[in-house]
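Comments concern the structure below.
Reminder, nothing fancy here: chain letters follow the sequence lines and each chain counts from 1.
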Amino acid sequence: MGRYTVRRLIQMVFVFFGVTLIIYAAVWALPGDPIRALSGNRPMSESTINSLREQFHLNDPFYMQYLTYIGNLLRGDLGTDFSGRSVAQQMGSRWPVTINLALMALLFEAVFGIALGTIAAVRGKVTDYVILFFSISIISLPVFVLAYMGQILLGVKAGIFPVSGINEGWLSYILPGFILATTGMASVARLVRSSVLENLKADYTRTAHAKGLSNFRVLTRHVLRNSLIPAVTFLAIDLGYLMGGAIVIEGVFNLPGIGQLLFRSTAAQEGAVVVGVASLLVLIFLLTNLLVDLLYGVLDPRIGYE
Amino acid sequence: MSDHVLSDNPTIVPVVEPMNDLTTQSSLARDAWNDMRRNPVFLLSASVVLLMLVMAVWPGLFAGWFGSGDPRQCDLAVSNNGPAPGHPFGFDTQGCDVYANVIHGASASISVGLLVTLFCFVLAVVLGSISGFFGGWYDAVISRISDVFFGFPFLLGALILLTSFSERSIWTVSFVLALLGWPTLARLMRSTVKSVIDVDYVLAARGLGASNWRIITRHILPNAVTPVIVLSTLNIGAFIVAEATLTFLGVGLQYPAISWGLQLSAAQSSFTVSPHLLIFPSLFLGVTVVSFVLLGDVVRDAFDPKLR
Amino acid sequence: MSEESSRISIRNRVFAAIALTATVLASTACNSSGPGDKASASGGSISIAEFEPDHLTPGWGNTFQTDQAAALFAPLAQFDANNEVELVQAESITTSDNRVWTVKIKPGWTFHNGEEVTAQSYVDGINTAAYGPNAWSSNYSLAIIEGYDALNPTTGDPTTKVLSGLKVVDPQTFEVTLKSPNSQFLVGIAGPVTAWFPLPKAALDDLAAYDKAPIGNGPFQMDGKWENPTDSVKVKAYEAYKGTKPKVSKIEFKIYTSADTVYTDLLAGSVDLNGTYARLPSTKLAQVRSDFSERVVANPIIYTQWLGFPLGDKRYSDIRVRQAISMAIDRETITSKIFGGLYTPATGVLAPGTIGGSPDECGEYCKFDPAKAKALLAVAGGWSGPMELQYIAGQGSEPYLQAIANSIRQNLGIADVQLVASPTATEYLSALTAGAKGPFATGYAGYPSPSDILTGAFQKGSPYNPRTGFYSSPTMDSLVDQAYHATTSEEATGLFHAAEAQIMKDFPVAPVYNINQIIAYNDRLETPKANVLGLMLDQITLK
C-alpha cells in the first residue's frame, strides 16, 4: 500500500504539471484579444493596450509565457488579473464560500440520502416506489429550473430563506446547498437502498434476528454499517466535484464562490485566474481520487494493488 | 463536474456474480425477462420510453393533433398567451405553438441523451477493460488521463471545443458532453473488470491457453459490462438534463434548433407570469427521464442475482 | 484489520465528518457579517444593487463603478433632471474659441480627509488618467487634449507624466488646451464616469491602496474599505460637503453577478433599487410592471441597439438588401411584447435624450412593412443561402433576435435563418473585426452629445468602427468637424443632425431599439430620479 501511494503521488506531480500546461494552452488558444475586450464600453488607446500586453507578457511566445507563469507559481506568486487584482486574494476570499456550500450540500446528501435510501429498502414496495419516483423527479429537472423556482417560492414568496448573498451566516447556504444536493441525494439514496436490500438478505442478518435482536437494532448495528460503504465512497468523490464550485447555484443565489470566478474568468480569457483556480481544482480531484482508491483497496479485499 | 451536470454513480455497484457457462447465462437472462414481463413498473416505463422514441423519430405523428402542428409558425402578437383552441399548451414568447414545439423538442433532447450515452459507453468499455485487465502502466496512464478529464474545468473545455467547431449541432454538443462524462463510466468498468479478473474460471481459461482477446470477450466482458449498461440507461436521463444546463450556460444548442433544453432555458425567467412555458416542457422532460431511469433500475434489479 | 473493525471505523469517520461539518458551519456563522441591511425606518440608509466594479476610483475602472463614483466624488458639472448641464464643483467653465477652456472651481471645498481641493488636485487627477501605462479606462477620452500623445506613445515609454495642454493658473483656476476646437467639451466632462476628477496627495503616493478606499470630494465618504471585489461598498454622508446635501445618510452598494438575482432581490425587498449599470434582465421586462406596479421608473439613457452588416460582404453590400431586412423588423411589436413597452423603437442612430433631440432620420426603412421589404429584396436580386445573425450569448438577446429571425424567415421568404452565438465578448469582438459572417447585433452606449456616437463609431478608425461594419464617410466627417467649430448650440445641433441624415442615407446599420433606464424600487423610497446619465444619488429620499 505504501509503495502504491508513493507511486501515485509521483504520478500526481506529472499529471498536475501536464494539466496546468493543457489548461494554459487552452486559454491561450481561445480566439479573441482579452486586452481589447477589457475596455468594454470605453475605448482604450493603443498605448494603453500595448503597455498592458507588455505587462502581462502577452507578446511573448507561448512557451515563454508558460515558463514565466510556472516560475512565479513556484515562488508562490499566482499573479494578478488584467485589472491588477491579486489572484491569490480573490481565490482566498472565495474559497470559504465554496467550501461552506459544498459542506452544506454534502450534509444534505448524506443525511437525506441515507435516510431515504434506508426507508425505501426497509418499508415495503409502495414506499420504495414513492421515494424512487420522488427522487428521480427531482433530478429530471435541470438545476437552474430548481434553483430559480426554489428561490422564488421559498425565498421571495414564502420568505423562509434569504434570497441571495451570504449575509445571514449559515442560513444563506441552506437553500442553495439543498438544491445543489438534490442529484447527489438521489444517487446516495439509490446506493444505500440497494446495499441495504442486499444486506437484509444476508446470512448474518438472519443470525442477528435469530438471536432475538429487534428490527431496529439489526438495522442500525449491523446492516447499515455494511451498507454505507458505496454511499461513503460516492460522497467522498462528490466532495471533489462540489469543491469545483457550483456555477449555476452561485450565480442564481449570488454566492461569491470559486465557480463564478472560474466562469467569468474563462469568458474574459483571464489566463492567470483560470489556470490558478483550475490547477487547484485539479489538485483536489487528484488527491480525492487517490484517497478513494486507497479507501477502496482497504475495504474490498478483491481489489489488489501491486 | 459542478452542479451535477451529470449524475454520478461511480465506483461501487453490486458486482454481478460470474457465470460459469452459457446455459446459466441464458437462463439468467430468461429469468430476468420473465420477471420484468410481469412487473407493471417495467411495462409502464418501457412503453413510455417507446412512446418517446417514436415521438423523437416521427414528431409529425403527434404534432398535428390540435392545430397546424408547425412549430415554426409564429405570430409575435400572441406572445406568451395561454392555452387557446387549437393550441392546448399556449404560445411561447415568439408566438409559436408550445405543443408543437414540445413534441418536436423530443427529437433533439433524446438524441443528445442517446448519443452521449453511446459515446461514453464505447469509450468506457474499451478503456475500462484495458485498464482493468492489463493493469500496470496501461492502467496508470488511462487512469491518470481520466483524472485529467475529471479535473479539467468543464466550462473551459466546453468553450474550447465549441469554438473550434464552427457549428453547434446535436453531434458537437453530444461530443462535448461525452468527453466530460466518460471517466465516471470508465472507472466503473475498470473496477468491475478488476473484481472479475481473478476468479477461478478465468484462471482456468488461462491455464487452458486461451488468448487475452478470448478471455476478455467471452468471459470478462459479459460479466463486467452489465453494471455499465445499467448505469448508462440511468445516465441517459441525466444527459438529457445536462443539455438543458449547457444551453442555459450559453454553450449548448441554439436557434433554429428545437429542444426541451432551449425551451426550459427561455422559460425560466418568466415562470411567475407565464408558467405554461415551463410546465409543459418540464413535464415531457421529466416523464422521459423518469421512464429511462425506472427502466434502468428495473433492469438492474432483474439482472442482479443477489436480489433473488 | 478485520472487516468488522474497518466498518466500525468507517461509521465513526462518517459521524466525525458530520460533526466537523457542523462545527465548521457554526464557526462560519460566528465569523460572517451580521444580517444584511434590511429596510428600517430610522437611520436613513439604503442599498443599491450593482455589478462588480474593478476599481472605485472614477476614471480608472469599468462602467460598473458609476454610482459609487457619483457618491464619492463631485464632478465639475453634471446633468440635472431636465438633462441640462449644471455646474457642481466648477464655478465657471468658459471659452472664447472652443479650444482653450478656462475652468474655475468653487473655493473652500475639501476632500474627505480635510485636504483642500485646488486646481492642482484636478490637474493631478487628469494627468494620472492620461498617463498611458496606468491603463485607466477613461484615458482615451483625454485624447482631445494637447500633449496627450507624449503620454501615450504607440511605441516605447512616455517621456513625461504631465499633459502640456493642462495649466494651473491659480489655486482656483486651470486651463485646458485642446488639440482642435470642440464645441462639445463641456458636455463631455459632465457626469460621473469621466477622467475629470481631482485626486488628493494621498492618492498619488499609492494608487492601489487609495483605490480600496478612495478619498473624494463628493457628498459621501467611504465607510470602511473595499477589500474584495465582491464586498459591498459602504458609504456614509460627508458632513463637510459644500454642495447639495444628499437626503440619505448611508448607502450600501451590494454587488451582484447576475441580473436575474438583482431582480429577485428587488422583488423580495432585500435591496432597495438597482443602480445605473445594474440593468434589469431584458427577459424580465415584460413582467416588470406587473411585479412592481407603479414602483418603476423608465428614463431615457443614451443607448442605441442596431443590426450591423458586413459591408464588405457582397451579399450585404447592396443598400436595398439592408433596407429590406430593416423593413422586415417589427420594432413596435418587439418593444411592446418582448420588452414590455419599456424600450422604444429606434428612428436613427441618435438616442432619445441626446442633446438636440433624436430626429427620425431613418424614416420608412425603420417601419415594419413586409410587403415593401419583400419587393425591395426582389428588386435587389433576391436572396439565396443561409442568413446567419451573430450575437453574444448570455446577455438575454435571444428573444428579440429570434423574433427578428422569425420575421425575416416568414416575411422575406428566406428559409434558412440561423442565430449564431459567440460564447464570449472577446471572441465576438475579434470576429467583428475580422469581418462578420452575417448581420450582427450590437449597439453603442454613449454620452448625451451627438458627437459621441458619431465620432466614436461612425468615423473611420474610431474605436467602435467595427460595430458599424467599418463605415466611413468623408461627408459625415466634415459635418461633424463643422459642428465642433459651431458657435451656437443650435448651429451645432443642426450640423450633427445633418451628419446623422448622411449616415441613414448610406444605411450601414439597421437601428432597432433604444433602451430606457429601468429602475425598480422598494416601497420605502420616494420615486428615485434619474437623468440621461443615470441615477441621481443625491435626490434619493426615504419616505
Legend entry - Choice from C:Asn139, C:Leu151, C:Asn134 maximising heavy atom contacts with chain A below 4.5 Å: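 So the answer, after comparing C:Asn139, C:Leu151, C:Asn134, is C:Asn139.
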Inset, instruction - Verify whether one side chain among A:Ser164 and C:Asp265 offers a donor that lies under 3.5 Å from an acceptor in the other. - result: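 Yes - a donor-acceptor pair under 3.5 Å links their side chains.
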Legend entry - Between C:Phe292 and C:Tyr263, ring centroids under 6.0 Å: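 Centroid distance C:Phe292-C:Tyr263: below 6.0 Å, so yes.
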Inset, instruction - Answer yes if the ring centres of A:Phe82 and A:Phe56 are under 6.0 angstrom apart, and no otherwise. - result: yes
Legend entry - Best-contacting candidate, A:Pro162, A:Gly84, A:Gly251, against chain C by heavy atom pairs under 4.5 angstrom: A:Gly251
Go through the atoms of [X] and report whether side chain, backbone, both or neither lie under 4.5 Å from a heavy atom of chain A.
X        : value
C:Thr230 : side chain
C:Leu142 : neither
C:Tyr444 : neither
C:Ala143 : neither

Could you look at [X] and say if it's the side chain, the backbone, both or neither that has a heavy atom under 4.5 Å from chain C?
X        : answer
A:Ser51  : side chain
A:Asn254 : both
A:Gln89  : both
A:Phe263 : neither

Legend entry - Salt bridge A:Arg85-C:Glu52, side-chain N to carboxylate O under 4.0 Å: yes
Inset, instruction - Could you please spell out the steps behind the side-chain contact (heavy atoms from CB on, under 4.5 Å) verdict for C:Lys284 and C:Leu267? - result: CA-CA 12 Å; C:Lys284 288 272 201 280; C:Leu267 267 184; over 6 Å; no
Inset, instruction - For atom CG of C:Asp157, decide whether the heavy atoms of other residues, nucleotides or ligands shown that lie under 6.0 angstrom number more than 12. - result: no
Legend entry - Rounded distance [0.5 Å steps], CD1 in C:Ile145 versus CG in C:Leu163: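 C:Ile145 CD1 to C:Leu163 CG: 5.5 Å, rounded to 0.5 Å.
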